[in-house]
Asks: 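Before I ask anything, here is the structure I am working with.
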There are 2 protein chains.
Amino acid sequence: MRTQRLFQLLDKLRAAKYPLAANALAESLNVSERTIYRDIKSLQQMGAPIRGESGLGYQIEKGYFLPPLHFNRDELDALVLGLRMLASQADPQLADAAASVQAKVAVSLPEHSQDALARTPLLAPPSQSEKAQSNRRYMQKIRHAIADRKKLIVTYKDISQAQTKRTLHPLGLAVFSDIWVLTCYCELRNSFRNFRLDRLLTVHTTEEKFSFEPSKEFHAFLKTVPNGNEQQK
Amino acid sequence: MRTQRLFQLLDKLRAAKYPLAANALAESLNVSERTIYRDIKSLQQMGAPIRGESGLGYQIEKGYFLPPLHFNRDELDALVLGLRMLASQADPQLADAAASVQAKVAVSLPEHSQDALARTPLLAPPSQSEKAQSNRRYMQKIRHAIADRKKLIVTYKDISQAQTKRTLHPLGLAVFSDIWVLTCYCELRNSFRNFRLDRLLTVHTTEEKFSFEPSKEFHAFLKTVPNGNEQQK
DNA sequence: TTTTACCCTGACAGAAACTGTCAGTAGTGT
DNA sequence: ACACTACTGACAGTTTCTGTCAGGGTAAAA
């Protein structure tokens, strides 16, 4: 538990460009400042080159304990543009995560590649269109419900403008350029249903978890789709 | 406390030439065997390549130094979905690169995260629409020209269906959900011009390189765009 | 086949470590 | 002087960790 957090702390420090203050770290790791101070001390005692400056925050000597990752130019392009495309459409939390991935990968790269990362001339400007906004609206809630296997109660406006309210097992999300579709198992109809995120009127996460039933899982749904949509292996 | 011991354990395994049995490790670290089993399990979950064989003991793959990257669930989601979104629209070479990034990251991840990667229930099915196809058509050529700073000669069909042929300095690409736009400096007009990839009729890469002129570079173009499109912080 | 030498797991209660809170000191830059 | 931050000690409550016990496996030697 603590060990995990120590590694997370290291990761955050490595990824950060500027000094990080204890209170910021405390918040992002969901512990008190006091604990951060204790953790930092532990890391220092274990040899990590972390220095803290009053009024500033903590910094770690760069290059400390890094895994050797080697990406060629195409791979860097793919990584950066992929993350940018995601960030341009996803909810803020996921967009932050994308930035954090890029930061973590960046520090584990040779220096000349680090510049290349940020300067990649492949952009995906954040979309502020109405559709994009409504996609984002419940995205985070839905992602979490999928991950936690919590039932959702949603009201949905279908193509004919009719509103329906259902209890669902959220299974997965699929993106078709700018249309996001939530795949669910519908309790009422006893079958798989898909919902466009921009047509969801309300989404309520229940505390009730749905249990594992092979025939009602995402992979079962995918098998019903002719064009094997499973992305690469 | 425990963290310390985990490192000691790692050290002992690395230093040992022959397999070490749990009871020997227990004695040298002054804990019970049970604790050793638990510690080993923790290390394995953190990605350490330790294998235990009945009747023998534990050995670690040599050359292993440190549990490397750590991504949380959101970060893994961002990485995977970002790469999938990219792969759904990009040219085959870039799509392959995306797969390769995922593979490289996967191997540097703790065991339990590796599964999570492939099973992420966030998809972006490859788009086979006409528009997607025409986006892909010259994408690779263009990416390389941007990277190599080689002039392009293109014929383009603009909104009014008029065809034009130009010599361009390709500077960057921008993605707006399913529309890909190539930003260029146009030699003829002496200004920046944008071209939709799906409106390009022909693209020819010349061997002539364009030289560096700050006012004709991508970052100069970006400054002319009000909505600071530079991604991430 | 039996024995030996190990790996590995679950349960549980007591021990130890960790944590938040509070209260206070000290350094650094504006 | 003020704002902001690193740091430390003490203490009680909570969580995690540990050892013990009681099994179940596997692979090779005897």
Side-chain angles (χ1 to χ4, degrees), chain A residues 1-62 64 148 211-212, chain B residues 1-62 64 67 70 72-73 110-115 233:
Chain A
M1 202 81 269
R2 189 166 115 103
T3 308
Q4 297 280 343
R5 193 181 56 240
L6 291 177
F7 279 113
Q8 289 178 38
L9 233 177
L10 268 185
D11 280 341
K12 295 221 177 265
L13 288 171
R14 279 199 295 238
K17 207 170 170 180
Y18 302 103
L20 291 176
N23 66 358
L25 291 166
E27 196 176 349
S28 77
L29 295 176
N30 291 309
V31 291
S32 70
E33 271 182 60
R34 188 67 183 85
T35 297
I36 294 295
Y37 289 121
R38 284 192 269 242
D39 285 355
I40 294 275
K41 192 174 185 183
S42 298
L43 288 170
Q44 286 172 333
Q45 284 173 342
M46 289 165 63
I50 300 172
R51 60 180 173 287
E53 271 186 70
S54 292
L56 270 173
Y58 290 100
Q59 267 187 308
I60 192 169
E61 201 172 281
K62 64 177 168 182
Y64 175 68
D148 300 338
S211 53
F212 180 84
Chain B
M1 204 79 274
R2 188 165 115 103
T3 309
Q4 301 274 347
R5 194 180 55 240
L6 291 177
F7 277 102
Q8 290 178 38
L9 197 59
L10 223 42
D11 282 343
K12 293 215 180 275
L13 287 171
R14 268 204 298 259
K17 202 170 172 183
Y18 302 103
L20 291 177
N23 66 358
L25 290 165
E27 198 177 345
S28 78
L29 294 175
N30 292 309
V31 291
S32 70
E33 272 182 60
R34 187 68 184 84
T35 297
I36 295 295
Y37 289 123
R38 283 192 270 241
D39 286 355
I40 294 277
K41 191 175 185 181
S42 298
L43 287 171
Q44 287 171 333
Q45 284 176 341
M46 289 164 63
I50 298 172
R51 62 180 172 286
E53 271 187 72
S54 293
L56 270 173
Y58 288 102
Q59 267 187 307
I60 192 168
E61 204 172 279
K62 59 181 168 183
Y64 177 76
H70 295 87
N72 63 30
R73 196 180 66 198
E111 248 175 49
H112 63 278
S113 303
Q114 295 194 18
D115 286 352
K233 60 126 181 261

Asks: According to salt bridge (Lys or Arg N to Asp or Glu O under 4.0 Å), does anything in residues 20-35 of chain A pair up with another residue at least two apart or in another chain? List the pairs.
Replies: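 Salt bridge (Lys or Arg N to Asp or Glu O under 4.0 Å) check on residues 20-35 of chain A returns no pairs.
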Asks: Going by the rule side-chain hydrogen bond (donor to acceptor under 3.5 Å, both in side chains), which residues pair with B:Arg5 if we only count those two or more places apart in sequence or in a different chain?
Replies: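 Here the qualifying residues are B:Asp39.
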Asks: Do A:Ile40 and A:Ile36 pass the side chain to side chain contact (heavy atoms under 4.5 Å, CB included) test, and can you show the C-alpha distance, the side-chain angles, and the key distance before you say yes or no?
Replies: CA-CA 6 Å; A:Ile40 294 275; A:Ile36 294 295; 4.0 Å; yes
Asks: Which letter, B, S or -, goes with each nucleotide of nucleotides 1-9 of chain D from 5' to 3', with contact meaning a protein heavy atom under 4.0 Å?
Replies: ---BBBBBB
Asks: Residues two or more places apart in sequence or in another chain: which of them pass side-chain hydrogen bond (donor to acceptor under 3.5 Å, both in side chains) with A:Ser32?
Replies: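 Residues passing side-chain hydrogen bond (donor to acceptor under 3.5 Å, both in side chains) with A:Ser32: A:Thr35.
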Asks: Taking side chain to side chain contact (heavy atoms under 4.5 Å, CB included) as the definition, give me every residue that meets it alongside B:Leu56, ordered by chain and number, with sequence neighbours left out.
Replies: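 Listed in chain order: B:Pro19, B:Glu53.
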Asks: Sequence neighbours left out, what passes side chain to side chain contact (heavy atoms under 4.5 Å, CB included) with A:Met46? Give chain and number order.
Replies: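 Once residues adjacent in sequence are excluded, the partners of A:Met46 under the side chain to side chain contact (heavy atoms under 4.5 Å, CB included) criterion are B:Thr3, B:Gln4, B:Phe7.
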Asks: Give me the bend of the helix from C:dT1-D:dA30 to C:dT30-D:dA1, using the axes of the five pairs at each end, rounded to 10°.
Replies: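 Axis angle across the helix from C:dT1-D:dA30 to C:dT30-D:dA1, nearest 10°: 50°.
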Asks: Identify, with sequence neighbours excluded, every residue that meets side chain to side chain contact (heavy atoms under 4.5 Å, CB included) alongside B:Lys41.
Replies: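 B:Lys41 satisfies side chain to side chain contact (heavy atoms under 4.5 Å, CB included) with B:Gln45 once adjacent residues are dropped.
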Asks: With B:Asp11, which residues qualify under side-chain hydrogen bond (donor to acceptor under 3.5 Å, both in side chains), at least two apart?
Replies: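 For B:Asp11, the residues satisfying side-chain hydrogen bond (donor to acceptor under 3.5 Å, both in side chains) (neighbours in sequence not counted) are B:Arg14.
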Asks: Which residues satisfy the side chain to side chain contact (heavy atoms under 4.5 Å, CB included) test with B:Tyr18, sequence neighbours excluded?
Replies: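 For B:Tyr18 there are no side chain to side chain contact (heavy atoms under 4.5 Å, CB included) partners, ignoring immediate neighbours.
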Asks: Between which nucleotides of DNA chain C, 5' to 3', does chain A make heavy-atom contacts below 4.0 Å?
Replies: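 Boundary nucleotides touching chain A, in 5' to 3' order, are C:dC18 to C:dT28.
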Asks: With sequence neighbours left out, write down each residue that passes side-chain hydrogen bond (donor to acceptor under 3.5 Å, both in side chains) with B:Ser42, or none if nothing qualifies.
Replies: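 Scan of B:Ser42 (side-chain hydrogen bond (donor to acceptor under 3.5 Å, both in side chains), adjacent residues dropped) gives B:Arg2.
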